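What follows is one structure encoded as structure tokens, with my remarks underneath.
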Amino acid sequence: MTILTSSCWLMKAIAPPFGTLAARMRQMLPRACDLGFTGPPLTNEQKNNFVKFGGLIDPSYSVRQALDDGTIVPLLYEGRHVEMEQDRDAVDLWFERYPVDLSEKQKADLKRKYASANTHNKTERVVYMRAFDVSEHYRANWKGTGFKAQLVAPDKATAIQYHRFMKEIEDVSSEVVISPPDRREGFEEIDEEPTSEVRNFWDSMMKRFGSEAHYSENIIKRFKNAEEPEIVIVADKLLTGFDAPVNTVLSLWRTLREHELLQAIARVNRLHQGKNFGSIVDYEGILGELNTAFTMYDALEGFDEQDLEHTLVSVHEQIEKLPQKHSHLGDVFREVKNQVDEEEYERLLSDDERREKFYGVLADYAKTLAVALPSHRFLTDVDERPYDITKGFETV
């Protein structure tokens, strides 16, 4: 958090530093001191605009400090790509790229669900396959945990399509929160025509809830407090100021930049019981594999790199630590001669100090493994053949 201020005899916290409201407030309190707070880092341009506050109060409260204090959870980032080839069975391709632990009957059921996409046009099939991937990713890693997900679609019409296809797939529950379509005659939104599908959806929501406020409030309340919906799908809503601690996974199917991107990813860094991290799944390739400096990405070019430090951590960096942490776990049992003798393990852990050490390294390993399991790269790169506790994972 950054604090901006200037010296004078009275302090006030102002909402917008610019615009008519701020001007009126300064007119009414001409000798007041302006004190501003901002959560996300400021771009260089925004820093220049904020000079009217008299400069930054150092030291600022950094993301690293917030993580150390335990006021937010770390954000783990993964670039995920859903490859579409129209001349092959899309589900077979998906199983090749992202192996999942399903029986043949379950796989057949998923293929049956996807077969309904044959009635859709090419564009809709792409959206269907993406909806399938988001649904399966959530089902395999988060369903039943109490944690929720947010999907950011490129526009209102696509958001509604995601919702419709997820209902067909039937694995996760979802709802859509969008702003109303503009019904002015001849009006077209940038990059999105107010289609009949959007108008029909909006009309159905107004018939169901009675007003825009009740529509949004009902879905948000259920998302925060009830079992369903498990995924909330948005296009232009809930990207800022949306505080739902159970919100843990943010799937990006839309290009976001600079302040808008940082505001959006902060939706999943809130503290919640049992929540060790927030997950950012980038399907749009906004930051690729997150393998270079933040300032090298167009989406974050307006920031100073030190202000972005620790904002996101690559999932793959965490996965690389897994073999070493597994090795530390194996070190606890180096003295065990017969690995199938349970009593030998029990005798070893009867020592209080050794047992406490075991609990610590096991918890550390378990947290990192929980990060790795949702990653498609981990699933495809790790050899699933049996191994003993002293050897750990072997990559293919």
Side-chain angles (χ1 to χ4, degrees), residues 78-86 88-100 102 106-144 147-178 192 195 197-198 200-201 204-205 219 223 228-239 247-256 264 267-268 279-286 374-376:
E78 179 179 15
R80 187 175 175 94
H81 176 61
V82 178
E83 184 176 348
M84 296 302 303
E85 293 184 13
Q86 298 301 323
R88 296 181 57 186
D89 187 322
V91 175
D92 284 338
L93 177 64
W94 191 89
F95 281 128
E96 282 183 24
R97 294 184 61 86
Y98 311 120
V100 290
L102 298 178
Q106 289 171 316
K107 290 181 180 181
D109 182 56
L110 288 177
K111 292 180 181 182
R112 175 187 59 78
K113 292 173 182 176
Y114 181 76
S116 65
N118 291 334
T119 62
H120 305 306
N121 61 37
K122 180 177 179 180
T123 300
E124 286 185 318
R125 283 199 299 269
V126 172
V127 177
Y128 190 100
M129 197 58 209
R130 291 173 174 177
F132 177 84
D133 190 83
V134 172
S135 295
E136 177 57 25
H137 182 261
Y138 181 87
R139 184 206 63 78
N141 300 291
W142 304 101
K143 192 173 181 66
F147 296 121
K148 304 293 188 71
Q150 185 173 357
L151 189 159
V152 183
D155 52 58
K156 299 171 188 176
T158 307
I160 295 168
Q161 284 184 333
Y162 276 124
H163 176 53
R164 174 159 55 90
F165 291 146
M166 285 184 180
K167 288 176 68 176
E168 290 183 17
I169 296 168
E170 298 178 325
D171 285 330
V172 300
S173 57
S174 66
E175 291 283 4
V176 178
V177 177
I178 58 173
E192 179 192 357
T195 63
E197 185 175 18
V198 175
N200 292 340
F201 174 84
S204 69
M205 292 299 101
I219 294 175
F223 182 77
E228 296 183 350
E230 295 163 307
I231 298 178
V232 62
I233 305 169
V234 303
D236 55 355
K237 301 277 284 186
L238 308 187
L239 297 181
N247 197 8
T248 303
V249 186
L250 183 72
S251 298
L252 295 175
W253 281 108
R254 169 186 160 193
T255 299
L256 302 174
R267 297 314 99 207
V268 295
S279 177
I280 308 298
V281 186
D282 178 9
Y283 288 93
E284 197 64 23
I286 299 172
S375 169
H376 71 84

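Quantities reported herein were computed from a predicted structural model and do not represent experimental measurements.
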Less than 4.5 Å apart, any side-chain heavy atom of W142 and any of V172? no
Atom pair CZ (F132) and CZ (R139), whose distance is rounded to the nearest 0.5 Å: 9.0 Å
Side chains of I160 and I178: does their closest heavy-atom pair fall under 4.5 Å? yes
Using side-chain heavy atoms (C-beta onward) and a distance below 4.5 Å, is Q150 in contact with V234? yes
In Å, rounded to the nearest 0.5 Å, how long is the span from OH of Y138 to CG of L151? 13.0 Å
If you round to the nearest 0.5 Å, how far is CZ of R164 from OG1 of T158? 10.5 Å
Does V232 offer a backbone N or O that forms a donor-acceptor pair with the side chain of K148 under 3.5 Å? no
Quickly, which of D282, L252, D133 forms a side-chain contact (heavy atoms from CB on, under 4.5 Å) with R80? Name it, please. D133
Measure the CD1-CH2 distance between I233 and W253 for me, rounded to the nearest 0.5 Å. 12.5 Å
Interatomic distance, S251 atom OG to I231 atom CD1 [nearest 0.5 angstrom]: 7.0 Å
I want to check something: taking the side chain as every heavy atom from C-beta on, are L239 and R254 in contact at a cut-off of under 4.5 Å? yes
Polar side-chain atom of K156 near backbone of A235 as donor-acceptor pair, under 3.5 Å: no
Rounded to the nearest 0.5 Å, what separates atom CD1 in I280 from atom CG in L250? 4.5 Å
If you compare all heavy atoms of V176 against all heavy atoms of I219, which two are closest, and at what distance to 0.1 Å? O-CD1, 3.5 Å
Are any non-hydrogen side-chain atoms of F165 and E124 less than 4.5 angstrom apart? yes
Which heavy atom of P229 sits nearest to which heavy atom of S173, and what is that distance? CA-OG, 3.5 Å
Within the side chain of K143, is there an N or O that forms a donor-acceptor pair under 3.5 Å with the backbone of E230? no
Min side-chain heavy-atom separation Y283-V134 under 4.5 Å: yes
